[in-house]
Each structure stands twice: as structure tokens, then as C-alpha cells.
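This report concerns only the one structure given below.
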Amino acid sequence: GEKVEQHESTLSVREGDSAVINCTYTDTASSYFPWYKQEAGKSLHFVIDIRSNVDRKQSQRLTVLLDKKAKRFSLHITATQPEDSAIYFCAATNSAGNKLTFGIGTRVLVRP
Amino acid sequence: EAAVTQSPRNKVAVTGGKVTLSCNQTNNHNNMYWYRQDTGHGLRLIHYSYGAGSTEKGDIPDGYKASRPSQENFSLILELATPSQTSVYFCASGGTGIEQYFGPGTRLTVL
């Protein structure tokens, strides 16, 4: 089945700098790649997604890049703020499109 | 605002006991999911459902059953709880090609 590897377990950045989280997946038929954010002690909520028909999507300070050839996608956070501190999960659909497989999460810490 | 609620929020159970975790959604989504979150594993899918009366096995279904009696409700059942099932459980509604809305989570401890 699909496997999603999230390469950075923790990321510490200075406020105002950029943060980049990288994920790879195994199923070439995956077509949908969402990102979720989990703040300390809270549940997950959706932040941004990308579909396989595009290679870039931006929403305010968040940009997702998708490289289908390399089976890699990444989340870029620009001008980081303290409220960006959280665990970020990447995910990918399986070939049947009926399940999401999540990465293990990246803890992002934004230092003042 | 989409809403997914879970009960109980915290549960302590004994080994061998039966545990039922409940989830309710007011989003009118057809699909609902049960995940568990463990350090080092991220979120793993236990069971999911396409609608009332349907349940499907996820990636780690062993030791768990699921029930979807209505569009709004989806339960996760541990018939014989074991300490390895100590975890945080999240219910979600939505889809695989669209945003999933997560509940607040249930922290389960099996002693």
C-alpha cells in the first residue's frame, strides 16, 4: 500500500524566516496531497492541499510544490510567525482514492 | 462551521474490557474515518465508512470493529481492550479528495 515518508521530524526556525517540510510517497497513482496542522494539545485541521494536475499551489504564506516524477511534495511557510509553531502532517491518497495515508509529522518551532 | 464531536474525551479501561468510542458529525458527509495517533507513527487509519450501514477496514483494523448506524454517527468498538490500544483516537468526516474535518480526539488508556 501507499507509504508516505516525512523527512524532517523537527524544524526550528527564527521568526520571519522560511520553513520547508518535505514528503515523499510511493504510489504513482496518488492524486491528492493535503497538509494538516496540529497545535499543541489540539486536533488536526486542514491547511492546504494540491492535486496531481498542478505542480504548485499558494495560499497566503503557504505554498505546496509537487514533483510527480520524484514522487515528492513539500510545504513552504514564508515569513514564519509564532502561531505557525505546530506539528504538520502531509498525506497522500492511495491508488483507489478512498484512503489517506499520513506521514509521521514534523514539529515546527518558530523561535522569537 | 463543520462539526465533528467525540465522546468520551478521556477513557481509562481495563485489559479485556469492552470500549466504545463514539463520533457524531453535523457536516452531512458520507465518509467518516477512525484514526489513531501514536508518536513515531503519525495517524493510522483503523476503519472508515462510505455511509450508513457501511464499514470498511483501514490499514490497522485488527482488534477493532466499527459501526455506522446513521449518517451522523460512527462508533469504534474494542471488544477486548489491550494495553497496546492505548492511544489518542480521532474521528473525521469528509473525503479522500476533499478536506477531512477532525474531531477533538479521545485519549484512551488501557491498564
Side-chain angles (χ1 to χ4, degrees), chain A residues 1-10 21-27 29-54 57 59 62 64 75 86-107, chain B residues 1-10 21 23-25 27 29-51 54-62 66 68 87-107:
Chain A
E2 170 78 282
K3 287 183 171 49
V4 175
E5 189 169 350
Q6 202 160 341
H7 294 267
E8 296 83 10
S9 57
T10 60
I21 305 168
N22 295 285
C23 291
T24 52
Y25 60 99
T26 57
D27 192 334
S30 292
S31 60
Y32 176 69
F33 307 89
W35 289 83
Y36 286 83
K37 178 182 180 182
Q38 184 178 35
E39 294 167 35
K42 296 191 178 178
S43 186
L44 287 81
H45 68 266
F46 171 87
V47 289
I48 193 171
D49 60 10
I50 191 167
R51 297 181 192 278
S52 58
N53 59 341
V54 297
K57 181 175 180 179
S59 174
L62 303 178
V64 181
L75 175 67
I87 301 174
Y88 291 81
F89 293 92
C90 61
T93 50
N94 63 342
S95 55
N98 59 357
K99 294 191 291 185
L100 276 179
T101 298
F102 285 81
I104 64 170
T106 296
R107 185 178 297 275
Chain B
E1 175 82 18
V4 180
T5 56
Q6 294 181 230
S7 64
R9 295 293 311 279
N10 290 281
L21 307 183
C23 178
N24 177 276
Q25 56 112 350
N27 307 324
H29 288 146
N30 289 331
N31 294 359
M32 294 185 74
Y33 308 86
W34 276 107
Y35 297 92
R36 61 178 284 177
Q37 182 178 18
D38 303 284
T39 303
H41 290 279
L43 263 75
R44 292 180 290 173
L45 181 64
I46 306 169
H47 284 288
Y48 60 105
S49 168
Y50 292 122
S54 111
T55 60
E56 306 287 337
K57 292 181 180 179
D59 298 320
I60 53 163
D62 293 346
R68 181 87 181 270
S87 187
V88 179
Y89 292 84
F90 288 99
C91 174
S93 76
T96 47
I98 61 172
E99 179 178 348
Q100 291 189 15
Y101 294 86
F102 283 80
T106 295
R107 184 173 297 275

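All values below come from the heavy atoms of this structure, side chains included, with hydrogens, waters and symmetry mates left out. Order of the sequence lines fixes the chain letters, A, B, ..., with proteins taken first and strands second; residue numbering starts at 1 for each chain. On a predicted model such as this, the values are computed, not experimentally measured, just so you know.
- To the nearest 0.5 Å, atoms CZ (A/F46) and CZ (B/F102) are separated by 11.5 Å.
- Around CZ of B/R44, the count of heavy atoms belonging to other residues, nucleotides or ligands within 6.0 Å exceeds 12.
- Only the side chain of B/Q37 has a heavy atom closer than 4.5 Å to any heavy atom of chain A.
- Both the backbone and the side chain of B/L43 come within contact range of chain A, with heavy atoms under 4.5 Å apart.
- Atom CG in B/L45 sits 8.0 Å away from atom OG1 in A/T101 (nearest 0.5 Å).
- Looking at A/S43, its side chain does come within 3.5 Å of a backbone N or O of B/G103 through a donor-acceptor pair.
- Looking at A/Q38, only its side chain comes within 4.5 Å of chain B, counting heavy atoms on both sides.
- Using a 4.5 Å cut-off on side-chain heavy atoms (C-beta onward), B/Y35 and A/L44 make no contact.
- Atom CG of residue B/D59 and atom NZ of residue A/K3 lie 9.0 Å apart, to the nearest 0.5 angstrom.
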